[in-house]
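The structure appears right after this line, and notes come after that.
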Amino acid sequence: MRLATWNINSIRARADRALAFLEREDIDVLALQETKCKDAQFPREAFEAAGYEIATFGFSQWNGVAILSRVGLDDVEPGFLEQPQFGEVPAVEARALGATCGGVRVWSLYVPHGRALDNPHYAYKLAWLERLRQHAVDWVAADPAAKVALVGDWNVAPRDTDVWDMAVFEGQTHVSEPERAAFAAFADAGYTEVSREFIPDERKYTYWDYQQLRFPKNEGLRIDFAYTSPALTPLVRGVTIDRDERKGKGASDHVPVILEIDDSQVSA
DNA sequence: ATGCCCCTCCTAGAGGGA
């Protein structure tokens, strides 16, 4: 099974790119972030015609997550239990969507950005990650055989080498110690960030700003990751970053991360 | 060329992104 995650930065602006990606990379399950549309606005028809079932979670132009699958799509959960809220009138945001696809419990995650270290969004980000981590612990405690994939835009650069110039990011979000600790806590819980296992090299980024020739100069960030539960980790045969997807007119500022999973042992 | 910001929405300037 080939499972991909991609912050697409508007599914309506890039439905054609998404369709081409699914076909080119032979993708079975695609977790999307920043779909930037309400459920009713999601361009379902083209993906259904290509053989995918679709679950969406979006209710405004902000955020939005989705899962497309051609290997089953069951037990859809928009958001996780007691997901931290944000806003003047606190509300759950469309940043997490769970579904079981081909025997794998997939969570498409768009972790809050944080904005600035002294911004309320930053405390929200840390609380959001911690609540998710508690669930991640509970899921494998309840069922050690659970095959869980926590994939998406984590908005954390775990290492100094995951940003193109630490001097630029010093004192900003994504690189602070509490964010890195919140990210690392998933590994303490027994999950493995498999992109690092297969791609340990430096300067292997998943995001490049649209401005100032960041992509041609390979000045990017590595912030899109895939944590897998203990039962799923040994089934991951490979991980790739589809860097070429950043090329050309109309690219998202993020590229897909693709997992090859041995599903010969996984019942659909 | 991988190429000099892009998405959204009460269409026009602002909010959000990282």
Side-chain angles (χ1 to χ4, degrees), chain A residues 5-18 20-21 24 32-43 56-66 86-89 91 93-95 109-126 128-129 152-180 182-183 203-225 240-257:
Chain A
T5 181
W6 188 10
N7 179 323
I8 196 165
N9 185 21
S10 170
I11 185 61
R12 287 177 293 172
R14 268 176 270 288
D16 51 349
R17 271 200 180 245
F21 166 73
R24 181 176 75 244
L32 292 168
Q33 300 88 40
E34 283 212 87
T35 52
K36 290 189 170 178
C37 68
K38 302 173 186 180
D39 291 336
Q41 297 173 312
F42 196 98
T56 64
F57 182 31
F59 41 76
S60 73
Q61 73 265 45
W62 308 121
N63 315 307
V65 282
F86 189 77
E88 251 180 69
V89 180
E93 297 184 307
R95 293 179 176 276
L109 304 169
Y110 179 44
V111 175
H113 175 285
R115 295 180 187 167
L117 300 186
D118 60 356
N119 191 297
H121 211 256
Y122 178 77
Y124 167 55
K125 177 181 193 173
L126 295 177
W128 201 96
L129 282 167
D153 176 0
W154 290 74
N155 269 323
V156 177
R159 300 181 181 178
D160 286 358
T161 50
D162 292 332
V163 303
W164 59 275
D165 182 358
M166 259 308 286
V168 170
F169 289 88
E170 207 72 61
Q172 298 190 242
T173 62
H174 294 60
V175 299
S176 73
E177 189 281 326
E179 288 165 280
R180 288 176 169 175
F183 183 84
R203 291 176 64 79
K204 297 295 185 184
Y205 303 125
T206 63
Y207 163 91
W208 299 260
D209 198 297
Y210 286 118
Q211 303 182 63
Q212 297 180 265
L213 295 170
R214 291 295 182 222
F215 180 58
K217 296 195 285 198
N218 195 30
E219 295 178 343
L221 305 178
R222 186 166 178 175
I223 52 176
D224 299 87
F225 296 106
T240 53
I241 296 170
D242 186 12
R243 190 177 186 282
D244 286 350
E245 179 50 48
R246 184 65 177 79
K247 296 178 180 177
K249 193 172 168 60
S252 170
D253 42 4
H254 295 250
V255 294
V257 177

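Values below: all heavy atoms of this structure, side chains included; hydrogens, waters and symmetry mates excluded. Chain identifiers are assigned alphabetically (A, B, ...) following the order of the sequence lines, protein sequences preceding nucleic acid strands; residue numbering begins at 1 within each chain.
- Judged as a side chain to side chain contact (heavy atoms under 4.5 Å, CB included), and not counting sequence neighbours, the contacts of A:A116 are A:D118, A:N119.
- Contacts between residues 152-161 of chain A and DNA chain B, counted as heavy-atom distances below 4.0 Å, involve A:D153, A:N155.
- Within the nucleic acid shown, A:R14 comes within 4.0 Å of sugar-phosphate atoms alone, with no base atom in reach, counting heavy atoms only.
- For A:D160 and A:R180, the salt-bridge test passes: some basic side-chain N is under 4.0 Å from an acidic carboxylate O.
- Taking atom C1' in both B:dA18 and B:dC5, the straight-line distance is 12 Å, to the nearest Å.
- By the ring pair (Phe, Tyr, Trp, His ring centres under 6.0 Å) test, A:F183 is found to be paired with A:W154, A:F225, A:Y227, residues two or more places apart in sequence or in another chain being considered.
- Contacts of A:Y110 with the nucleic acid, taken as non-hydrogen atoms under 4.0 Å apart, involve only primed sugar atoms and P, OP1 or OP2.
- Here A:R24 pairs with A:D242 in a salt bridge; the nearest charged N to carboxylate O distance falls below 4.0 Å.
- Remark on DNA chain B: of its neighbouring residues A:T173 and A:N9, the 5'-side contact belongs to A:N9, judged by nearest-heavy-atom nucleotide.
- Comparing B:dG17 with B:dA12, their P atoms are spaced 25 Å from each other, to the whole Å.
- Straight-line distance between the P atoms of B:dC10 and B:dC6: roughly 23 Å, to the nearest whole Å.
- At least one side-chain heavy atom of A:V255 sits under 4.5 Å from a side-chain heavy atom of A:I241.
- Nucleic acid contact for A:R214: none, since no nucleic acid atom lies under 4.0 Å from a heavy atom of the residue.
- Less than 6.0 angstrom separates the ring centroid of A:F86 from the ring centroid of A:H121.
- At the heavy-atom level, A:G248 lies under 4.0 Å from the strands shown only through sugar-phosphate atoms.
- Nucleic acid contact for A:F215: base, since at least one base atom lies under 4.0 Å from a heavy atom of the residue.
- Within 4.0 Å (heavy atoms only), A:R115 reaches sugar-phosphate atoms of the nucleic acid but no base atom.
- If you check every strand for non-hydrogen atoms under 4.0 Å, A:L213 touches a base.
- Contact of the A:D153 side chain with the A:H254 side chain is registered, since non-hydrogen atoms from C-beta on lie closer than 4.5 Å.
- In this structure, the ring pair (Phe, Tyr, Trp, His ring centres under 6.0 Å) partners of A:F215, at least two apart in sequence or on a different chain, are A:W208.
- For the C1' atoms, the distance from B:dC4 to B:dC9 is 27 Å, rounded to whole Å.
- A:Q211 comes within 4.0 angstrom of a nucleotide base, judged by non-hydrogen atoms across all strands.
- Nearest-nucleotide mapping onto DNA chain B: of A:Q172 and A:A13, the residue sitting toward the 5' end is A:A13.
- Using a 4.0 Å heavy-atom cutoff across all strands shown, A:Q41 reaches sugar-phosphate atoms only and no base atom.
- A:K36 meets the side chain to side chain contact (heavy atoms under 4.5 Å, CB included) test with A:N9, A:S10, A:E34; sequence neighbours excluded.
- For A:D162 and A:R159, the salt-bridge test fails: no basic side-chain N is under 4.0 Å from an acidic carboxylate O.
- Nucleic acid contact class of A:W62 (heavy atoms, under 4.0 Å, all strands): base.
- Along DNA chain B, the stretch of nucleotides lying under 4.0 Å from any heavy atom of chain A spans, 5' to 3', B:dT2 to B:dA18.
- Residue-level contact check: A:N7 touches the backbone only, with heavy atoms under 4.0 Å from sugar-phosphate atoms and none from bases.
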